[in-house]
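See structure below.
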Amino acid sequence: DSWRLRKLTLFGKITIIKSLALPKLLYSISMLPTPSYLIKQVNKILFNFLWGKVDRIKRSVLINDYDKGGCKMIDIESYVMSMKCSWLNRIYKNSNLLWTKCPLKYFGQMSLHILGQMDAYNDTNLFNIQSIPEFYREAVISFLKVNKRKEIISKSDLYSSILWGNRQLTVRGKPLYDKYFIASRYIYVRDILDDNGNFRDIIHENLVNRSTYLRTISMLMSALKHFRAIRFSNETYDFIQHENLLCGKANSKKYYNLFRKQKCSDSNALDKLNRTFINDYFQWKLVYSLKIRNQFEMSISEFNYKLVYSLLPTKSNLFKWKKSDNPTCIYCNELQDSLHLLYYCEHLDNLWILISNIISFQIEAHHIICCNEISDTKNKIISLISYIIYKKYLIDKENNLVLPINDYVKSELIYKNSLYIKCEYNNHDIICEIINSL
């Protein structure tokens, strides 16, 4: 609540969430069971701090990378599950230490090496998972959610697949599991099938306990019948050693990125702009590098980000959000969207023509969003002028007045230049030239 009172940018708020809010939860999340209702409650608090009452961008987009249209906002559910998964790695890598004996006892005959190759999490009865403490149950289910295996498309894929806890080898939607088969070292499909795709004759003889033999064999036959074409093909196969996240150098950060990528979705904001400007093709990597990453101020970066998503409080947006009675421009009474406000409005007079002459480039409406035809510094100048026009609009809208555009831009540039000249950046003389021309 104290940080909410400050005028932070979208990026600043996310930094506060990551640096101040999450550390408060880190110890409890990593040591205690975390119920789903608590995750929802924390998520609600974080996004209310970020947006207020209404989310303006889909959460699955917001958690994506910068160059894909996101802001790297934290996904609390993925964060919690990654903390739980990292415990399995610690137990696996320190299995010779005394403190791991207790959790290893819970897993029984299911070794963590075998667990590290499973990927079926939709059956909570897998290896009696309900009988282990809730914290370790959450850790196991989280790990099975992130441990995705590629689809079986060849004989090598099939014969290298694990038999148990495999989302592709199921009966009535449920994965298979038999502790006696596991204890007898029947782990992979190649352990029960010969090169011709038939079941081996010695399976029954090698079992340590044969009480479940008929039931398990019938279930294995049912699960493998979906791959008959692959099983009985003449294709030669090699055993593929799949990556085991527990054996590798996976940590909570790697787990988090894997969880996050499963939930991320692509932004369609640039698709709308590309339909508006038919002759241009905007890409997020370009928009991010030219308009968001490297600006004079973070407030300008946020302004450009909201511009792409059409989130600026223009009259048309305020009318759509039911916060204004009409969508018309306060200067010329035409429909006021973002491009009208920043470029087309008649009150801007010859401002962009003046800027174009100074930077020796003809500025058009789509250049305000992104322009890869000119240098990085000139892109920053275009963004700065656009941001000043936007600030003037906010002042005029709030106070019901119309300030002379050239005078306001000049005064703002003088102030900004006094700040920027203390920092190291190239060609600040362009700003001086614009000031002298206004």
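These numbers were taken from a predicted model, which means no experiment stands behind them.
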- Salt bridge Asp1-Arg4, side-chain N to carboxylate O under 4.0 Å: yes
- Task: Would you indicate whether Lys40, at its atom NZ, is surrounded by more than 12 heavy atoms from other residues, nucleotides or ligands within a distance under 6.0 Å?
- Result: no
- NZ/Lys44: more than 12 non-hydrogen atoms of other groups inside 6.0 Å: no
- Message: Walk me through whether Arg90 and Trp99 qualify under side-chain contact (heavy atoms from CB on, under 4.5 Å).
- Response: CA-CA 11 Å; Arg90 295 190 190 104; Trp99 71 268; 4.1 Å; yes
- After noting the C-alpha distance and the side-chain angles of Ile74 and Tyr256, does the key distance pass the side-chain contact (heavy atoms from CB on, under 4.5 Å) rule? CA-CA 10 Å; Ile74 196 75; Tyr256 174 75; 3.4 Å; yes
- State, to 0.1 Å, how close Gly116 and Asn147 come at their nearest heavy-atom pair, and which atoms those are. O-ND2, 2.6 Å
- Note on the structure: Rounded to the nearest 0.5 angstrom, the CG-NZ distance for Leu20 and Lys18 is 13.0 Å
- Message: So which atom in Gln117 and which in Arg149 form the shortest heavy-atom distance, rounded to 0.1 Å?
- Response: CA-NH2, 3.2 Å
- Query: Is the closest side-chain donor-acceptor distance between Asn304 and Ser383 under 3.5 Å?
  - Reply: yes
- Task: Run the salt-bridge test on Asp266 and Lys68 with the 4.0 Å N-O cut-off and return the result as yes or no.
- Result: no
- Query: Judged by modelled atom types alone, do Ser252 and Ser86 share a side-chain donor-acceptor pair under 3.5 Å?
  - Reply: no
- Task: Scan side-chain atoms only and decide if Ser316 and Thr314 contain a donor-acceptor pair under the 3.5 Å cut-off.
- Result: yes
- Item | Ion pair Arg275/Asp271, N-O distance below 4.0 Å | no
- Donor-acceptor contact present, side-chain Gln283 to main-chain Leu270, <3.5 Å: no
- Within-4.5 Å side-chain heavy-atom neighbours: His340 and Asp337: yes
- Query: Taking the inter-plane angle between the rings of Phe239 and Tyr188 on a 0 to 90° scale, is it parallel (under 30°), tilted (30 to 60°) or perpendicular (over 60°)?
  - Reply: perpendicular
- Message: Go through it in stages, so that I can follow the logic: the residues are Leu224 and Leu158, the test is side-chain contact (heavy atoms from CB on, under 4.5 Å), and I'd like the CA-CA distance, side-chain angles, deciding distance and then a yes or no.
- Response: CA-CA 9 Å; Leu224 289 168; Leu158 177 63; 4.1 Å; yes
- Is there a donor in the side chain of Asn251 and an acceptor in the side chain of Asn89, or the other way round, less than 3.5 Å apart? no
- Message: Under a 3.5 Å distance rule, please check whether Asn417 uses its side chain to pair with a backbone N or O of Ile431 as donor and acceptor.
- Response: no
- Item | Partner of Asp65 by side chain to side chain donor-acceptor pair (under 3.5 Å), out of Arg260, Lys285, Lys261 | Arg260
- Query: Mind checking whether Leu245 and Leu258 have side chains closer than 4.5 Å, heavy atoms only?
  - Reply: yes
- In terms of heavy-atom contacts, Ile29 and Phe135 come closest through O-CE1, 4.4 Å
Enumerate donor-acceptor pairs with a distance under 3.5 Å from any side-chain N or O in residues 317-327 to protein atoms, sequence neighbours excluded.
| residue | atom | partner | partner atom | Å |
| --- | --- | --- | --- | --- |
| Asn317 | ND2 | Ser310 | O | 2.9 |
| Asn317 | ND2 | Leu312 | O | 2.8 |
| Ser324 | OG | Asn326 | O | 3.1 |
| Asn326 | OD1 | Thr328 | N | 3.2 |
| Asn326 | OD1 | Thr328 | OG1 | 2.6 |

- Do the side chain of Gln336 and the main chain of Lys315 share a donor and acceptor less than 3.5 angstrom apart? yes
- Does the Arg231 side chain pair with the main chain of Gly197, one donor and one acceptor, at a distance under 3.5 Å? yes
- Task: Would you indicate whether Lys93, at its atom NZ, is surrounded by more than 12 heavy atoms from other residues, nucleotides or ligands within a distance under 6.0 Å?
- Result: yes
- Query: Any salt bridge between Lys263 and Glu77, counting N to O under 4.0 Å?
  - Reply: yes
- Would you call Arg167 and Glu151 a salt bridge, using N to O less than 4.0 angstrom? yes
- Message: Let's go through Asp75 and Leu62 carefully: what are the C-alpha distance in whole Å and the side-chain angles of both, what is the deciding distance for side-chain contact (heavy atoms from CB on, under 4.5 Å) to 0.1 Å, and is it a yes or a no?
- Response: CA-CA 9 Å; Asp75 179 58; Leu62 208 61; over 6 Å; no
- Query: Distance from Ile91 atom CD1 to Trp87 atom CH2, nearest 0.5 Å?
  - Reply: 7.5 Å
- Message: Can a donor-acceptor pair be found, under 3.5 Å and without considering hydrogens, that links the side chain of Ser160 to the backbone of Asp157?
- Response: no
- Message: For a quick test of reading the model, state the closest non-hydrogen atom pair linking Ile114 to Ile187 and the distance between them.
- Response: CD1-CD1, 3.6 Å
- Message: Please check this pair: side chain of Tyr343 against backbone of Ile363, looking for a donor-acceptor N/O pair closer than 3.5 Å.
- Response: yes
- Task: Drop me the distance from Asn357's CG to Ser437's OG, to the nearest 0.5 angstrom.
- Result: 9.0 Å
- Which word best sums up how the rings of Phe361 and His367 line up, parallel for under 30°, tilted for 30 to 60°, or perpendicular for over 60°? tilted
- Can you tell me how far NZ of Lys397 sits from CG of Leu341, rounded to the nearest 0.5 angstrom? 10.5 Å
- Task: Give the ring-plane orientation class for Trp284 versus Tyr305, where under 30° counts as parallel, over 60° as perpendicular and anything between as tilted.
- Result: tilted
- Under the ring-ring contact (aromatic ring centres under 6.0 Å, His included) test, which residues partner Tyr37, sequence neighbours left out? none
- Message: Please report the interatomic distance CG(Leu273) to CD1(Ile369), rounded to the nearest 0.5 Å.
- Response: 4.5 Å
- Phe282 backbone acceptor or donor facing Asn274 side chain under 3.5 Å: yes
- Item | Other residues, nucleotides, ligands: >12 heavy atoms within 6.0 Å of Asn399 CG | yes
- Query: Shortest non-hydrogen contact from Glu235 to Lys155?
  - Reply: O-CD, 3.1 Å
- Item | Check: Trp164 and Met118 side chains under 4.5 Å, non-hydrogen atoms | yes
- When every non-hydrogen atom of Leu10 is compared with those of Glu302, the smallest separation belongs to N-OE2, 2.7 Å
- Side chain of Lys101, backbone of Ser95: donor and acceptor closer than 3.5 Å? yes
- Strictly by modelled atom types, are Asp396 and Tyr331 linked by a side-chain donor-acceptor pair under 3.5 Å? yes
- Message: Are Phe143 and Tyr255 packed together at the side-chain level, in the sense that at least one heavy-atom pair is separated by less than 4.5 angstrom?
- Response: yes
- Would you mind reporting whether Leu176 and Thr170 have side-chain heavy atoms less than 4.5 Å apart? no
- Item | Under 3.5 Å side-chain donor-acceptor pair for Lys84 and Thr34 | yes
- Task: Measure the shortest side-chain to side-chain distance between Leu26 and Leu22 over non-hydrogen atoms and say whether it is less than 4.5 angstrom.
- Result: no
- Query: Are side-chain heavy atoms of Phe49 and Ile14 found at a separation under 4.5 Å?
  - Reply: no
- Note on the structure: Here the gap from Ser301 atom OG to Phe11 atom CZ, rounded to the nearest 0.5 Å, amounts to 6.0 Å
- Message: Quick check against the 3.5 Å criterion: does Glu334 have a side-chain atom that pairs as donor or acceptor with the backbone of Cys345?
- Response: no
- Any side-chain heavy-atom pair of Ile382 and Ser386 under 4.5 Å: yes
- Keeping the roles fixed (side chain from Arg137, backbone from Ile132), state whether a donor-acceptor pair exists under 3.5 Å. yes
- Query: Among all residues two or more places apart in sequence or in another chain, which pass the side-chain hydrogen bond (donor to acceptor under 3.5 Å, both in side chains) test with Tyr237?
  - Reply: Asp195
